[in-house]
**Student:** 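Okay, here's the structure, questions in a sec.
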Amino acid sequence: MQYHAIKRSKLIGPALKTTAIAANKREAEQSCLALLQACDAVPKLAQLHGHVLKLGLRNNPLVLTKFTSTASDLKAIDYASPFLFAPDADTHLYDSFLFNTIIRAYAQTSHGKHKALCFYNVMLEGAVLPNKFTYPFVLKACAGLGDLNLGTSVHGSVVKFGFDDDVHVCNTMVHMYCCCSGGIESARKVFDEMPKLDSVSWSAMIGGYVRVGWSTDAVDLFREMQMVGVRPDEITMVSVLSACTDLGALELGKWVESYIDKEGIQKTVELSNALIDMFSKCGDVEKALKLFRYMSGRTIVSWTSVIDGLAMHGRGMEAMSLFEEMIGTGVAPDDVAFIGLFSACSHSGLVEKGKSYFSSMVENFHIVPKIEHYGCMVDMLCRAGLVKEALEFIQKMPIEPNPIVLRTLISACRAHGELKLGESITKELIRNEPMQESNYVLLSNIYAKMTHWEKKAKIREVMDKRGMKKIPGSTMIELDHEIYEFVAGDKSHKQYKQIYEMVDEMGREMKRAGYIPTTSEVLLDIDEEDKEDALNRHSEKLAIAFALLNTPPGTPIRIVKNLRVCDDCHSATKFISKIYNREIVVRDRNRFHHFKDGMCSCRDFW
DNA sequence: TTAGGGTTAG
């Protein structure tokens with residue numbers, strides 16, 4: 001009976017004395033189990049460890065199992081595993097449950113995925129049979145590592161041991177393949193071969209498509225799910241909303257919101273966060289703010305999503321005041337929230353504010369800046385045209401700049417005429433990263449601006465020789481719940497003749513209004529007239545022409561560009577907004593541009 | 001006595 005008292009009091013010290021004088025092994029074992037049940041901190045576990053050894057319970061399976069699960073609950077598995085696998089341990093006593101506990105504990109940690117798999121191997125070598133609970137943990141570890149070969153071999157074992165008909169195991173397998181680079185096809189194969197699919201299976205596959213950026217496939221699969229009559233839940237809807245966010249499909253997103261309401265799907269905090277993120281990234285930041293204001297139980301993710309949304313729309317001052325409000329309500333900013341805040345400063349030209357927040361992050365919030373934070377600062381300085389200061393900042397950073405940071409600096413060099421500097425940094429970058437195509441594109445762009453056509457042509461040769469290609473720019477537009485995608489010079493659309501006539505008309509009208517084509521944007525060595533022609537075939541202009549043809553006069557036009565919008569399209573869109581009296585909302589890779597009456601909300605910071 | 005899918009940034 002004294003053990004119940006131990007459980008209640010949680011006083012390990014006095015209880016240990018009782019245990020030490022236990023009359024026999026059975027009593028000692030019971031006492032230890034009760035103590036472990038009561039243990040709620042790692043130091044106490046350390047104390048108990050000593051007593052387990054002292055009492056000769058070193059190889060007692062019950063005690064070991066309890067010890068392991070306690071360590072797992074206390075996230076102290078690193079402390080427990082040497083004890084379990086010490087040279088004098090009787091590992092032949094260990095059963096599946098014990099191994100599952102260890103594997104689960106390691107699979108849950110960020111650093112222990114490899115160890116989880118090591119223990120899985122120890123399990124197999126020790127002839128302990130894995131059971132249906134083992135594989136979800138093992139597959140989770142594989143998913144975390146993103147190692148396709150490893151995942152494929154575990155898949156083999158799943159089949160060998162006959163767990164490939166278990167829906168839990170198969171769902172985790174779909175998820176695992178989705179997390180491995182190049183595994184999406186295998187995920188789909190597992191998914192297609194499953195005897196029965198539940199909402200988790202569909203969510204895993206839809207989420208997987210979103211993860212790899214196949215958002216239209218994700219939406220199609222969601223439609224298929226509805227057709228076969230599996231009821232989606234709030235988790236499914238989070239993934240579907242992510243797909244809308246990725247596509248910039250506001251109309252579809254709105255439909256998803258009404259579907260959630262109509263079906264009575266529970267609006268969890270995570271689902272509300274996904275809705276906020278969708279609205280702010282699809283251009284309706286007001287709606288995002290409204291949802292944010294009405295939601296209960298906001299988390300740091302809710303705040304960050306809405307701050308980020310404001311940042312993308314160039315509403316830096318509002319983003320800052322929301323950040324202050326967040327701190328005021330007692331939510332501590334994390335490293336991600338600071339990235340949103342810095343991007344707000346960056347996109348609104350608030351350099352001094354950004355610098356002071358950077359100091360505050362380190363001094364007041366004790367967040368160690370990561371490369372992403374340094375990257376934001378470099379971006380901020382570069383956008384403001386302070387290229388030299390950005391260079392000095394990089395030289396003073398305590399960590400090595402990564403290629404992303406260097407590419408930011410190089411783009412700024414090109415934009416602000418520091419061509420020699422840009423050239424030398426890019427050459428250095430190419431030496432370190434010879435197979436990264438974007439480095440060659442940068443150098444090629446710099447040579448184009450320097451009008452060094454021969455050097456530029458040479459770069460193209462090298463790229464062709466190594467089989468590298470430039471990522472084609474594309475622009476998406478949503479019309480009547482359909483998504484249309486245009487690439488430069490696209491002729492695949494059935495209206496293409498009308499679209500090109502419209503583009504030509506737009507060009508004539510713009511010139512009349514004073515537009516001068518930014519021909520230095522064109523990366524080909526061709527004469528000026530052809531350059532203008534190439535600019536007019538940019539995917540942004542095709543999508544805008546398509547919208548002008550197919551939407552009523554005066555209605556807003558929303559387009560989504562996969563890369564950063566080019567200087568010429570930016571300038572042209574200002575003219576188009578005025579000439580055709582249209583509000584044009586462009587989402588590019590970095591941010592939103594609201595064009596109205598010949599002006600852009602970004603005030604040319606982008 | 002143990003199991004599966006989801007949200008912010010880069």
Side-chain angles (χ1 to χ4, degrees), chain A residues 62 65-66 68-69 72-73 95-105 107 130-140 143 163 166-176 178-179 187 190-191 194 197-211 218 225 230 232-243 245 265 267-278 280-281 288 292 295 298-309 311-312 326 333-344 370-376 379 402-405 408 589-590:
Chain A
L62 275 178
T65 301
K66 188 72 205 164
T68 313
S69 61
S72 161
D73 291 344
D95 64 357
S96 313
F97 180 71
L98 182 66
F99 275 104
N100 289 353
T101 311
I102 298 163
I103 295 167
R104 179 186 58 177
N131 61 20
K132 63 176 179 178
F133 300 113
T134 312
Y135 281 101
F137 302 139
V138 175
L139 290 163
K140 222 175 193 177
F163 296 120
D166 184 286
V167 69
H168 287 87
V169 172
C170 288
N171 286 341
T172 324
M173 204 134 68
V174 170
H175 177 241
M176 177 278 291
C178 289
C179 292
V190 174
F191 178 85
M194 280 172 68
L197 298 165
D198 64 10
S199 70
V200 178
S201 331
W202 288 92
S203 300
M205 199 63 233
I206 293 170
Y209 278 148
V210 177
R211 188 189 292 269
M225 178 183 185
V230 177
D233 61 17
E234 70 277 10
I235 296 178
T236 322
M237 298 324 289
V238 168
S239 288
V240 176
L241 283 169
S242 289
T245 308
I265 294 168
K267 275 206 189 140
T268 56
V269 174
E270 291 84 354
L271 185 53
S272 300
N273 290 346
L275 277 166
I276 290 171
D277 191 47
M278 182 277 291
S280 71
K281 292 216 180 76
F292 174 78
M295 86 181 273
R298 295 172 200 147
T299 63
I300 184 77
V301 176
S302 333
W303 287 95
T304 307
S305 297
V306 78
I307 287 170
D308 229 59
M312 286 183 83
M326 175 181 83
D334 63 4
D335 54 333
V336 183
F338 271 104
I339 290 171
L341 179 69
F342 294 152
S343 114
K370 292 186 189 164
I371 190 67
E372 288 87 349
H373 298 101
Y374 290 111
C376 284
D379 186 62
N402 64 9
I404 300 168
V405 172
T408 305
R589 201 192 169 99
N590 293 321

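The chains referred to below are lettered A, B, ... by the order of the sequence lines, with proteins before strands, and numbering in each begins at 1. Just so you know, these numbers use all the heavy atoms, side chains as well, and skip hydrogens, waters and symmetry mates.
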**Student:** Let me know the distance between NZ of A:K140 and P of B:dA3, rounded to the nearest Å.
**Tutor:**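 Rounded to whole Å, this separation is 9 Å.
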
**Student:** Check side chain to side chain donor-acceptor pair (under 3.5 Å) between A:K132 and all other residues, then give those that pass, not counting sequence neighbours.
**Tutor:** none

**Student:** A:V200 side chain: which of B:dT8, B:dT7, B:dG5 is closest?
**Tutor:** B:dG5

**Student:** How long is the line joining CG of A:D379 and P of B:dA9, in whole Å?
**Tutor:**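 Whole-Å distance recorded here is 15 Å.
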
**Student:** Under 4.0 Å, counting only non-hydrogen atoms across every strand here, what does A:S302 touch: a base, just sugar-phosphate, or nothing?
**Tutor:** nothing

**Student:** When you compare the ring of A:F97 with the six-membered ring of B:dT1's base, are the centres less than 5.5 Å apart and the planes under 30° from each other?
**Tutor:**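 A:F97 vs B:dT1: stacking yes.
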
**Student:** Answer with base, sugar-phosphate or nothing: what part of the nucleic acid does A:N100 contact at a heavy-atom distance below 4.0 Å?
**Tutor:** base

**Student:** Between A:F97 and A:T65, is there a side-chain heavy-atom distance shorter than 4.5 Å?
**Tutor:** yes

**Student:** Just to be sure I understand the rule, does A:K132 reach a base, reach only the sugar-phosphate, or reach nothing, if contact means heavy atoms closer than 4.0 Å?
**Tutor:**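 Base contact.
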
**Student:** Whole Å only: how far is the CE atom of A:M295 from the P atom of B:dT8?
**Tutor:**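 The distance from CE of A:M295 to P of B:dT8 comes to 14 Å, rounded to the nearest Å.
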
**Student:** Could you work out which one of B:dG6, B:dT8, B:dA3 sits closest to the side chain of A:R211?
**Tutor:** B:dG6

**Student:** Is it the case that B:dG6 (base atoms only) and A:N273 (side chain only) share a donor and an acceptor within less than 3.5 Å, ignoring hydrogens and angles?
**Tutor:** no

**Student:** B:dT8, B:dG5, B:dA3: which one has an atom nearest the side-chain heavy atoms of A:V336?
**Tutor:** B:dT8

**Student:** Looking only at the side chain of A:D166 (C-beta and beyond, no hydrogens), which of the listed nucleotides B:dG5, B:dA3, B:dT7 gets closest?
**Tutor:**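 Closest nucleotide among those given: B:dA3.
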
**Student:** Would you please say whether a donor-acceptor pair under 3.5 Å links the side chains of A:D233 and A:T236?
**Tutor:** yes

**Student:** For the side chain of A:F133, counting heavy atoms from C-beta on, which of B:dG5, B:dG6, B:dA3 is nearest?
**Tutor:**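 Nearest to the side chain of A:F133 among the choices is B:dA3.
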
**Student:** Quickly work out the A:F292 CZ to B:dT8 P distance and round it to whole Å.
**Tutor:** 16 Å

**Student:** Checking all strands, does A:V167 fall into the base, sugar-phosphate, or nothing category for heavy-atom contacts under 4.0 angstrom?
**Tutor:** base

**Student:** Starting at CD1 of A:I265 and ending at P of B:dG6, how long is that distance when rounded to a whole Å?
**Tutor:** 17 Å

**Student:** Could you check how far CZ of A:F137 sits from P of B:dA3, rounded to whole Å?
**Tutor:**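 After rounding, the gap between these two atoms is 5 Å.
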
**Student:** With a 4.0 Å cut-off on heavy atoms, is A:N131 in touch with a base, just the backbone sugar-phosphate, or nothing at all?
**Tutor:**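 Contact class for A:N131: base.
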
**Student:** Would you mind telling me which of B:dT7, B:dT8, B:dG5 lies closest to the side-chain atoms of A:T304?
**Tutor:**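 Of B:dT7, B:dT8, B:dG5, B:dT8 is nearest to the side chain of A:T304.
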
**Student:** Do A:L197 and A:M205 come close enough that some side-chain heavy atom pair is under 4.5 Å?
**Tutor:** no

**Student:** Can you tell which of B:dA3, B:dG10, B:dG6 lies closest to the side chain of A:H168?
**Tutor:** B:dA3

**Student:** Counting distance alone, no hydrogens or angles: does the base of B:dG6 have a donor or acceptor under 3.5 Å from a partner atom on the side chain of A:T268?
**Tutor:** yes

**Student:** Counting the atoms with a prime plus P, OP1 and OP2 as sugar-phosphate, which does A:K281 contact under 4.0 Å by heavy atoms, base, sugar-phosphate, or nothing?
**Tutor:** sugar-phosphate

**Student:** May I ask you to say what A:T101 touches in the nucleic acid, namely base, sugar-phosphate or nothing, with a heavy-atom cut-off under 4.0 Å?
**Tutor:** nothing

**Student:** Holding to side-chain contact (heavy atoms from CB on, under 4.5 Å), I want the full list of residues that pass it with A:S272, two or more places apart in sequence or in another chain.
**Tutor:**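 Per chain and number, A:S272 pairs via side-chain contact (heavy atoms from CB on, under 4.5 Å) with A:K267, A:M295.
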
**Student:** With a 4.0 Å cut-off on heavy atoms, is A:D334 in touch with a base, just the backbone sugar-phosphate, or nothing at all?
**Tutor:** nothing

**Student:** Just the rounded figure in Å: distance from P of B:dG5 to OH of A:Y209.
**Tutor:** 18 Å

**Student:** May I ask you to evaluate whether A:H175 reaches the phosphate of B:dG6, defined as a side-chain N or O under 4.0 Å from OP1 or OP2?
**Tutor:** yes

**Student:** For a quick check under 3.5 Å, do A:S305 and A:N273 share a side-chain donor-acceptor pair by atom type?
**Tutor:**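 Side-chain D/A pair, A:S305 to A:N273: absent.
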
**Student:** Do A:V169 and A:P136 have side-chain heavy atoms sitting under 4.5 Å apart?
**Tutor:**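 A:V169 reaches A:P136 side chain to side chain.
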
**Student:** How is A:Y135 classified with respect to the nucleic acid when contacts are heavy atoms under 4.0 Å: base, sugar-phosphate, or nothing?
**Tutor:**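 Since no nucleic acid heavy atom lies under 4.0 Å of A:Y135, the category is nothing.
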
**Student:** Rounded to the nearest angstrom, tell me the gap between atom CZ in A:R298 and atom P in B:dT8.
**Tutor:** 19 Å

**Student:** At 4.0 Å (heavy atoms only), tell me whether A:S199 reaches a base, stays on the sugar-phosphate, or touches nothing.
**Tutor:**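 Base: the residue A:S199, judged by heavy atoms under 4.0 Å, touches a nucleobase.
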
